[in-house]
Amino acid sequence: MIPVSEALDHLFALAPVLPTEWVPLARANGRVLSQSVSASRDQPPFPASAMDGYAVTDLAQSYDVIGESAAGHGFTGSVAAGQAVRIFTGAPVPQGATRIILQEDVTRTGTRIDVTGTPEDSSFIRPAGNDFRAGAELPAPKRLTPNDIALLAAMNIDSVPVTRKPSVALISTGDELVMPGETPGPDQIIASNTFGLRALLDDLGAKPRLLPLAKDTRSSLTTAFGLAQGADLIVTIGGASVGDHDLVAGVAQELGMTQAFHKVAMRPGKPLMSGQMGTAMMLGLPGNPVSAMVCGHVFLAPVIRAMQGLGRSPAPRTSATLTHALSKNGPREHYMRATTDEAGRLTVFDRQDSALLSVLGQANALAIRPPHDPARQAGDRLEILKI
Ligand code: AMP
Ligand code: MG
């Protein structure tokens with residue numbers, strides 16, 4: 001058994017950063033920018049009015065209104081002392097104008113305006129390049145958010161370099177499994193973590209592919225691995241312990257998998273394995289539903305992020321304050337289902353059996369107990385991983 005951090009090091013060594021592909025801006029949300037991109041123009045491209053009002057060049061009591069500048073329709077002349085140009089938000093500030101007098105500070109009579117309010121100090125002019133200048137960068141790597149998409153559009157970028165989506169083949173193993181919606185036999189259960197992991201992979205921006213359920217036979221597993229060809233990552237679920245029906249490690253090795261490790265000192269999730277299988281990375285997850293999901297958060301998510309070029313770092317941890325006492329931990333790092341609130345209070349569930357998805361469903365964090373962590377009291381800080 002190796003510690004979690006060592007297992008992660010092995011996984012990062014196996015996980016390639018995937019190549020770049022170009023996608024239209026409209027499809028770039030959630031993708032990982034793989035090369036920095038830069039603006040080809042200033043924004044705004046011209047000095048622009050920040051308000052509706054009158055563009056003037058001096059401060060006076062009254063002005064002659066000589067024209068209008070609206071967004072998309074600038075005023076072509078220039079403004080001299082005593083003159084004003086009616087202007088609207090986003091419109092180009094005419095030549096010669098140095099400030100905008102707000103429309104609420106004037107009274108207009110025909111083509112005259114009289115200043116009736118007290119103009120503020122601000123010029124209400126956004127200089128050219130106020131937002132960003134030509135050449136300004138959006139640095140890679142970065143998972144693109146809707147805000148980034150707006151910025152990229154303003155930069156006039158319509159095609160974006162992103163890392164290819166990791167393609168992940170998911171192989172569930174076990175004679176007892178049927179798919180959700182099917183009618184299980186008396187000894188059967190529904191494949192559950194398969195769908196949880198698929199959802200996790202969707203959230204991470206990977207391209208998961210659910211393969212048909214594999215039986216606990218060499219031939220069925222061999223067929224499943226065959227169908228997984230072409231994936232960047234093959235994830236097996238179950239069959240990873242050392243029981244008579246746990247064939248995954250053996251079959252994978254027969255098919256040429258070079259094993260990097262098998263078994264990690266953690267709870268839940270001990271029978272984790274990984275290796276290289278042809279051109280694919282292989283990750284063998286335990287079958288217990290919660291173990292598989294916890295390993296998804298602790299190992300699979302960082303692997304996907306590494307493949308996307310977001311760096312090789314463990315799932316981010318924060319800390320929270322226990323609301324109650326906890327007994328001491330054993331020799332394995334324990335990821336305990338827990339809830340944490342906005343005030344940073346942490347409550348760990350009493351029931352931690354690795355088969356209890358209902359408890360996982362109520363949890364929004366995993367409280368992390370290091371190996372041999374002593375008993376803890378209410379008020380102690382614990383590291384957590386938000387899930
Ligand atoms: P295994 O690692 O194959 O020994 O499986 C451990 C436990 O997890 C057994 O109780 C299996 O029935 C269960 N299990 C395995 N795979 C899945 C799955 N995809 N969905 C739900 N439970 C599973
Ligand atoms: Mg099994």
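The structure presented is a predicted model; accordingly, all values stated were derived computationally and were not measured. As the structure lists them, so they are numbered: ligands from 1, and atoms in each ligand from 1.
For Ile190, the closest heavy-atom approach to ligand 1 falls below 4.0 Å. Residue contacts with ligand 1 include Pro289, since one or more of its heavy atoms lies under 4.0 Å from the ligand.
Residues meeting the salt bridge (charged side-chain N to carboxylate O under 4.0 Å, His left out) test with Glu254, sequence neighbours left out: Arg218. Residues satisfying the ring pair (Phe, Tyr, Trp, His ring centres under 6.0 Å) test with His10, not counting sequence neighbours, are Phe261.
The single protein non-hydrogen atom nearest to atom 21 (C) of ligand 1 is Ser192 OG, 3.2 Å, given as residue, atom name and distance. Among protein heavy atoms, the minimum distance from atom 19 (N) of ligand 1 is reached at Asn193 OD1, 2.8 Å. Nearest protein heavy-atom neighbour of atom 9 (C) of ligand 1: Glu176 OE2, 4.1 Å. The closest protein non-hydrogen atom to atom 3 (O) of ligand 1 is Gly239 N, 2.7 Å. Protein heavy atom closest to atom 4 (O) of ligand 1, with residue, atom name and distance, is Asp246 OD1, 3.6 Å.
The ligand atoms of ligand 1 that sit less than 4.0 angstrom from a heavy atom of Thr194 are 19 (N).
If you check each of Gly287, Ala191, Ser291 against atom 23 (C) of ligand 1, the one with the closest non-hydrogen atom is Gly287. For atom 22 (N) of ligand 1, the choice among Ile171, Asn288, Val248, Ile189 with the nearest heavy atom turns out to be Ile189.
Between Arg164 and Glu21, none of the side-chain N atoms (NZ, or NE/NH1/NH2) sits under 4.0 Å from a carboxylate O, so this pair counts as no salt bridge. Remark: Arg99 does not engage Glu120 in a salt bridge, criterion side-chain N to carboxylate O under 4.0 Å. A salt bridge is absent between Lys328 and Asp373; no separation between the charged side-chain nitrogens and carboxylate oxygens falls under 4.0 Å.
No hydrogens or angles considered: a donor-acceptor pair under 3.5 Å links the side chains of Arg381 and Ser319.
Annotation: the span from Lys263 atom NZ to Ser241 atom OG amounts to 7.5 Å, rounded to 0.5 Å.
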